[in-house]
Amino acid sequence: MSAPLLSVEAISKRFGGLQAVKDLSFRLEEGEILGLLGPNGAGKTTAFNMIAGFFRPDEGRVLLGGRNVAGLKPWDICKAGIGRTFQLSKPFGDLSVVENLMVGGFARSSDRRRIRTKAEEIAVFLGLEAKAETEAHNLTAFDRRKLELGRALSTEPRLLLMDEVVAGATPSEAVEMVALVRRVRERGVSVLIVEHVMKVIMALSDRVLVMDRGALIADGRPQEVVTSPDVLKAYFGERYVVPRA
Ligand SMILES: Nc1ncnc2c1ncn2[C@@H]1O[C@H](COP(=O)(O)OP(=O)(O)OP(=O)(O)O)[C@@H](O)[C@H]1O
Ligand SMILES: [Mg+2]
């Protein structure tokens, strides 16, 4: 069996007296879209931030293609091939769409022409070509979200981490975002997606992880996971789960 693209091995993170993530392990295969679900405060964003290099795990390893990247700085993690989107997208407002899409390109190259060509190609991919020269602060909220995705893609990641990509989107925008993420995968990028909107996770994910109170409580196919009693209990409480006869 070949090594997985990402192997998270027993990572933990404590904030003072609070164990935000405890002994979390999972694998993500090349080409996979993996969804990460869990109720508020479950530790999803903390886990995400450890993988993206924003927090150093207290314990454990994060292997990308077999190399431990835990504790590397965000820029080095980016260069290693992990891209991320932020929950609050903050593009450079005074820069145009294409200029924003050029910034990440410098992680891979110093050739401005090549970087610009790539950025224009990403603008087309996002359906933002008509707005390529628009300054980012003039974009709609949803176009800014798409730009945020494009900025992550411009670093040419092997693995893309996405946090709540449809927060605040209308249903039709959510559908458009789901289609875009599928096409990201078709480009050969693997995806780890944290999302509250169950429909989005169900539509996109090949496999779903569920965290509760810092720990992994389920790992499996979307349909199996969302009907598991442990998962229902985590979301809705003990009384919701109908005892098996
Ligand atoms: N920087 C921090 N300092 C102290 N406590 C934190 C910090 N970040 C997160 N926590 C706490 O760690 C726990 C896990 O938080 P985290 O943000 O990872 O959860 P989450 O699953 O992303 O939740 P949500 O669905 O609400 O985004 C929570 O109890 C949170 O209050
Ligand atoms: Mg979160």
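First listed ligand is number 1; within each ligand, the first listed atom is number 1.
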Approximate separation, where rounding is to 0.5 Å, of L24 CG and I11 CD1: 5.0 Å
M211 heavy atom under 4.0 Å from ligand 1: no
Proximity winner for atom 21 (O) of ligand 1, if only heavy atoms of R14, K44, E195 are counted: K44
Closest to atom 15 (O) of ligand 1 (judged by heavy-atom distance), picking from T45, L18, T46: T46
Of the listed options N49, D163, N40, V21, closest to atom 26 (O) of ligand 1 (non-hydrogen atoms): N40
Salt-bridge contact R183-E186 (side-chain N to carboxylate O under 4.0 Å): no
Any G38 heavy atom less than 4.0 Å to ligand 1: no
NZ/NE/NH1/NH2 to OD/OE distance under 4.0 Å, R207 and E29: no
Linked, directly or transitively: V184 and V97 (ILVMFWY side chains, under 4.5 Å): yes
Geometric N/O contact G41 with ligand 1, under 3.5 angstrom: yes
The Mg ion (ligand 2) to nearest N/O/S of T45 below 2.8 Å: yes
Atom indices of ligand 1 within 4.0 angstrom of A42 heavy atoms, with elements: 19 (O), 20 (P), 21 (O)
Contact check: E164 vs ligand 1, nitrogen or oxygen atoms, below 3.5 angstrom: no
Heavy-atom donor-acceptor pair, N68 side chain to L63 backbone, under 3.5 Å: no
Distance under 6.0 Å and angle within 45° of ring axis: R84 vs F48: no
Salt bridge (charged side-chain N to carboxylate O under 4.0 Å, His left out), paired with E121, selected from R116, R114, R187: R187
